[in-house]
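Data first, discussion second: the structure below is written as structure tokens.
When reading the values below, keep in mind they use all heavy atoms of this one structure, side chains included, and skip hydrogens, waters and symmetry mates. Chain letters run A, B, ... following the sequence lines, proteins first and then strands; every chain starts at 1.
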2 protein chains.
Amino acid sequence: MQTIEELLEANNIRVTAMRLLIYKFLAQKKVAVTLSDIENAFEKADRTTLYRTIKTFEEKAIVHQIDDGTGITKYALCEKGCNCEIETDLHLHFHCNNCNETICLTDHKIPQIKVPNGFISENVNLVVKGICDKCSGE
Amino acid sequence: MQTIEELLEANNIRVTAMRLLIYKFLAQKKVAVTLSDIENAFEKADRTTLYRTIKTFEEKAIVHQIDDGTGITKYALCEKGCNCEIETDLHLHFHCNNCNETICLTDHKIPQIKVPNGFISENVNLVVKGICDKCSGE
DNA sequence: TAATTCAATGCAAGGGAAGTGCATTATTCG
DNA sequence: CGAATAATGCACTTCCCTTGCATTGAATTA
């Protein structure tokens, strides 16, 4: 088992108290979060610090960005099955219209998409919108 | 052949000079445009007017909104094959990483996407990113 | 240990896009 | 024509993203 400290160091990210807290917050969350979500969770911290921390995590490929169509960027930890640094990896995200949460479905792959002649597909961003399991089950 | 005036009236949109110009601008553009694009094309007009005109077109279902992941909302005219008022219609858009343009591929349908048990899919937003035909052909 | 260096953090400010309230102008209808 | 309603223009606000710069803190070296 790898500690968070080891994980950060393995990705060339200097370990600080703030970064450990932010990582734990992301890990505990099952859904993708906005910067404001993180901001509300850590009222003591400055927004800029959170912003740059997320950017650092993104550059070091332990976090990836999600655009679910709400207009606000969301972030989620990369998992084992999430090879988002690889361009051909096909992301699938689910956005719930009821609870407004966005979930990363790493084990659901996207089928091959056909594009017209002359077009070169490098990346696919797919967001399915609807009702999530929590909201539909009640 | 239907004139633009007739088309607007058929959709319960009052005909004004501004609206005709904006419609023509959208029709002449092959790609989806941002509000700023329209703003730059009509420097005389106020941004609010353009904003509300697009909103009106959207409500009357002659324009649809596209979220291509750039963070800026884009708009495109609905065509015959574009039944975007129907929730089950599957939009497919192509975003060129080179020229930064977004194209509406109405004749390319999206395959059925499987979601986990308990999830209800209502809508699918799919953006393929890569190089468009113009940029790849040179 | 003390001094130096570089990264992380915090504060302030700016920019862009979306959206709203209200007055003014234009259009439609009686 | 005159009244009512819609469209337009102006001003302003909010929200999110981003950057510059000063300060703090950690690590490295003499």
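- Between the NZ atom in A:Lys44 and the OG1 atom in A:Thr49 there is a gap of 13.5 Å [rounded to 0.5 Å].
- Side-chain contact between B:Pro116 and A:Leu105 is present, with heavy atoms from C-beta onward closer than 4.5 Å.
- A distance of 6.0 Å or more separates the ring centres of A:Tyr75 and A:Phe57.
- With rounding to whole Å, B:Ile13 atom CD1 is found 11 Å from D:dT8 atom P.
- Counting heavy atoms from C-beta outward, A:Tyr51 and A:Leu35 have side chains that approach closer than 4.5 Å.
- Placement of B:Ile54 and B:Leu50 within a single hydrophobic cluster is found when ILVMFWY residues are connected by side-chain heavy-atom separations under 4.5 Å, directly or transitively.
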Please tabulate, one pair per line, each protein N/O and nucleotide N/O from nucleotides 26-30 of chain C that are separated by under 3.5 Å, including the distance.
none

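- B:Glu58 has its CD atom 9 Å from the P atom of C:dG19, to the nearest Å.
- Atom P of nucleotide C:dA17 and atom CD1 of B:Ile54 are separated by 15 Å, given to the nearest angstrom.
- Formation of a donor-acceptor pair under 3.5 Å by the B:Asp68 side chain with backbone atoms of B:Thr70 is found in this model.
- Distance, B:Tyr75 OH to C:dA17 C1': 10 Å, rounded to whole Å.
- At the heavy-atom level, A:Thr73 lies under 4.0 Å from the strands shown only through sugar-phosphate atoms.
- In this structure, the NZ atom of B:Lys60 is 10 Å from the P atom of D:dA6, given to the nearest Å.
- Using a 4.0 Å heavy-atom cutoff across all strands shown, B:Thr53 reaches sugar-phosphate atoms only and no base atom.
- Side-chain contact between B:Ile62 and B:Cys78 is absent, with no heavy atoms from C-beta onward closer than 4.5 Å.
- In the interface, the side chain of B:Arg52 is paired with the base of D:dG9 through a donor and an acceptor atom under 3.5 Å apart.
- Taking the six-membered ring where the residue is Trp, the centroids of B:His108 and B:His93 are separated by 6.0 Å or more.
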- prompt: Please walk me through it: do A:Thr34 and A:Lys74 pass side-chain hydrogen bond (donor to acceptor under 3.5 Å, both in side chains)?
  reply: CA-CA 4 Å; A:Thr34 67; A:Lys74 296 189 177 178; over 6 Å; no
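- Counting any heavy atom pair closer than 4.0 Å across all strands shown, B:Thr34 reaches no nucleic acid atom.
- If you take NZ of B:Lys74 and P of C:dG16, they are 17 Å apart, rounded to a whole angstrom.
- Using a distance-only test at 3.5 Å, with no hydrogens or angles considered, a donor-acceptor pair links the side chain of A:Asn40 to the main chain of A:Ser36.
- Separating the CG atom of B:Asp68 from the P atom of C:dA17 is a distance of 13 Å, rounded to the nearest angstrom.
- Distances shown here put every side-chain N or O of B:Tyr51 at or beyond 4.0 Å from the OP1 or OP2 atom of C:dA18.
- On a pure distance criterion of 3.5 Å, no polar donor-acceptor pair joins the side chain of A:Arg19 and the base of D:dG25.
- In this structure, CD in A:Glu5 is found 5.0 Å from CG in A:Leu20, a value given to the nearest 0.5 Å.
- At whole-Å resolution of the value, CZ in A:Phe57 and P in C:dT9 are 9 Å apart.
- Taken residue by residue, residues 36-48 of chain B places heavy atoms nearer than 4.0 Å to DNA chain C at B:Ser36, B:Arg47, B:Thr48.
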Can you give me the N/O atom pairs linking the protein to nucleotides 2-4 of chain D at distances under 3.5 Å, or say none if there are none?
none

- request: Evaluate the side-chain hydrogen bond (donor to acceptor under 3.5 Å, both in side chains) criterion for residues A:His95 and B:Asn125: first the C-alpha distance (whole Å), next the side-chain angles of each, then the deciding distance (0.1 Å), finally the verdict.
  value: CA-CA 10 Å; A:His95 176 75; B:Asn125 182 12; over 6 Å; no
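- Residue B:Lys55 places at least one side-chain N or O closer than 4.0 Å to OP1 or OP2 of C:dG19.
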